[in-house]
Amino acid sequence: MATVVLVGTLDTKGAEYVWLRDRVRELGCDVVLVDVGVGASDVEADVGAERVAEAGGASLGALRDAGDRGAAVTAMGEGAAAVVAGLERVDAVLAVGGSGGSSIAARAVRDLPIGLPKLIVSTMASGDVTPYVGAKDVTMMYSVVDIAGVNRVSRLILGNAAAAAAGMAKAYAETKTAPAVDERPLVAASMFGVTTPAVDAARERLDELGYEVLVFHATGAGGRALEGLVESGLIAGVLDLTTTELADDLVGGVLSAGPERLTAAGKHGVPQVVAPGALDMVNFGPRETVPERFEGRNLYVHNPTVTLMRTTREEMAELGRRVAAKAAEATGPTVLFLPLGGVSALDAPGMPFHDPEADGACFAAMEGAVETERLDVNINDPSFGRAMADRLHQMISGGSK
């Protein structure tokens, strides 16, 4: 029977979790109730708060005595993650709560595999859910009313959540026993609109070579998702053709994936081929949102909602150094591919971001860190993507130099 794990603060949401537990059972699933509340509760949990606190490296009594809500949320979140990861069976995780309970639940599911259902009903779900979702497949449902008792409105919301969790758990349980549909090795690839032809050429070649390619749009969230999937151990190789998010991280654009971008494959020894795709640009919103300090820079209105800014020679040199440093730290095979004819569609001859001097500064900073391939074409020439694909295949199959 499929199992739904309920993760909740039973000291403040006990009645709601009893209702959810009963409803999920009525829907034909087993339930494991995990108490992540610090206060006392009359509801009997399958995994008590004291065990959760200990799993998080804390004492429940000490957390109560300290009265530090932030420390308690952190400790119980870490403990919940450890407890859920150690359960014999998990087919879905369901949690309900406000900001604190949602934070604990988000930490509890952060390290769970992609595809395992994760549903959080939250008072915070109508705003920015980035802190709760991160780069994982977490489903957020807005609670509409505060989660304070089971009433005629919350009963509808919680009932939908229970039905969703039970349905997803049953479907997930079935997938674990079903024969695999596609067992081809997985390759993760990064893409932007201005590097799409290159990634399409690489993807077609990798498909010919027997791989399934997962493409991630380099919009910040896409880069974080790519890194997270590599961390999960599902990826055989990375074709990181579009590292543009590093430019936003350096200069202050809106599509940064954070400083950890371009690190997961290296840390885990996953073969990777890397190119400076779209490092020529930093992303902003509509033209009027570009910070005043960038007035006078080379700006290109890509569409009404996206304005691009050309990176300077100095910025390109620093980006080259950062890419080189990350590549040099890799524990697995890593090759840098440099497109001498431009790093994006806008960086081709005659296009608004064409700047061979700036590109050259980037390329020079990359030289010597790891093996480097220089191709005298624009990044979107089909030969460039195919060359990266062929080299990655060689590395995955054990033929790297």
Side-chain angles (χ1 to χ4, degrees), residues 3-24 30-88 90 92-112 118-125 127-134 136 138-151 154 157-158 161-162 165:
T3 299
V4 175
V5 178
L6 301 180
V7 176
T9 52
L10 302 189
D11 53 344
T12 60
K13 303 288 187 287
E16 293 86 343
Y17 273 93
V18 168
W19 191 91
L20 278 172
R21 179 184 61 191
D22 294 345
R23 184 66 187 125
V24 172
D30 284 335
V31 176
V32 175
L33 180 58
V34 180
D35 185 7
V36 295
V38 173
S41 171
D42 295 332
V43 177
E44 184 176 353
D46 297 294
V47 180
E50 186 171 349
R51 179 178 160 191
V52 173
E54 290 174 355
S59 158
L60 184 61
L63 291 176
R64 288 174 175 172
D65 293 341
D68 186 331
R69 188 170 183 271
V73 167
T74 299
M76 298 306 277
E78 294 296 329
V83 165
V84 173
L87 292 175
E88 183 175 346
V90 181
V93 177
L94 170 61
V96 301
S99 60
S102 298
S103 294
I104 293 172
R107 177 63 191 95
V109 302
R110 189 180 73 192
D111 299 330
L112 295 177
K118 315 162 187 69
L119 174 58
I120 301 175
V121 182
S122 174
T123 58
M124 308 299 289
D128 180 8
V129 298
T130 303
Y132 309 107
V133 175
K136 285 299 181 73
V138 177
T139 301
M140 299 288 291
M141 179 185 291
Y142 183 44
S143 63
V144 182
V145 295
D146 200 358
I147 301 169
V150 180
N151 51 57
S154 65
I157 307 299
L158 297 181

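Throughout, residue positions are numbered sequentially from 1 according to the sequence presented.
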Kindly list each side-chain donor-acceptor pair under 3.5 angstrom involving residues 37-46, sequence neighbours excluded, with atom names and distances?
from : atom 1 : to  : atom 2 : distance (Å)
S41  : OG     : L10 : O      : 3.1
S41  : OG     : V43 : N      : 3.1
D46  : OD2    : L33 : N      : 2.7

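Side chains of V138 and I120 form a contact here, defined as non-hydrogen atoms less than 4.5 Å apart. Side-chain contact between V96 and Y17 is present, with heavy atoms from C-beta onward closer than 4.5 Å. Annotation: side chain of V7 is in contact with side chain of V84 (closest heavy-atom distance under 4.5 Å). For the pair T139/K118, no side-chain contact is recorded, criterion being any heavy-atom separation below 4.5 Å from C-beta on. Using a 4.5 Å heavy-atom cutoff, the side chains of R21 and V4 are not in contact. When side chains are defined from C-beta on, I157 counts as touching V121, because their heavy atoms get closer than 4.5 Å. Looking only at side-chain heavy atoms (C-beta outward), V5 and L94 stay at 4.5 Å or farther from each other. Inter-residue side-chain proximity for V32 and L87 is flagged as met; some heavy-atom pair is nearer than 4.5 Å.
We find the CD-CG distance between E54 and L60 to be 8.5 Å, quoted to the nearest 0.5 Å. In this structure, CG in N151 is found 9.0 Å from CD in E16, a value given to the nearest 0.5 Å. Between E88 atom CD and T3 atom OG1 the span is 9.0 Å, to the nearest 0.5 Å.
Side-chain atoms of S59 come within 3.5 Å of backbone N or O of A62 as a donor-acceptor pair. In terms of modelled atom types and a separation under 3.5 Å, the side chain of D128 and the main chain of T130 share a donor-acceptor contact. K136 places a side-chain N or O within 3.5 Å of a backbone atom of L112 that can act as its donor or acceptor partner. With hydrogens and angles ignored, the 3.5 Å screen pairs no side-chain donor or acceptor of Y132 with any backbone N or O of A105. Remark: the backbone N or O of G149 is paired with a side-chain donor or acceptor of S154 at under 3.5 angstrom.
Residue T123 comes nearest to G98 through the heavy atom pair OG1-CA, 3.4 Å, listed as atom of the first residue, atom of the second, then distance. M140 and S122 get closest at one heavy-atom pair: CE-CB, 3.9 Å. Contact between A80 and V36 at its shortest, heavy atoms only, is CB-CG1, 3.7 Å. Closest non-hydrogen pair, V150 versus A15, comes out as CG2-O, 4.3 Å.
Checked by atom type, the side-chain pair S102/S99 shows no donor-acceptor distance below 3.5 Å.
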*Just do the side chain to side chain contact (heavy atoms under 4.5 Å, CB included) check on V34 and L6 with the steps written out, would you?*
CA-CA 6 Å; V34 180; L6 301 180; over 6 Å; no
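Sorted by first and then second residue, the side chain to side chain donor-acceptor pair (under 3.5 Å) pairs with a member in residues 65-78 read E78-R107; sequence neighbours excluded.
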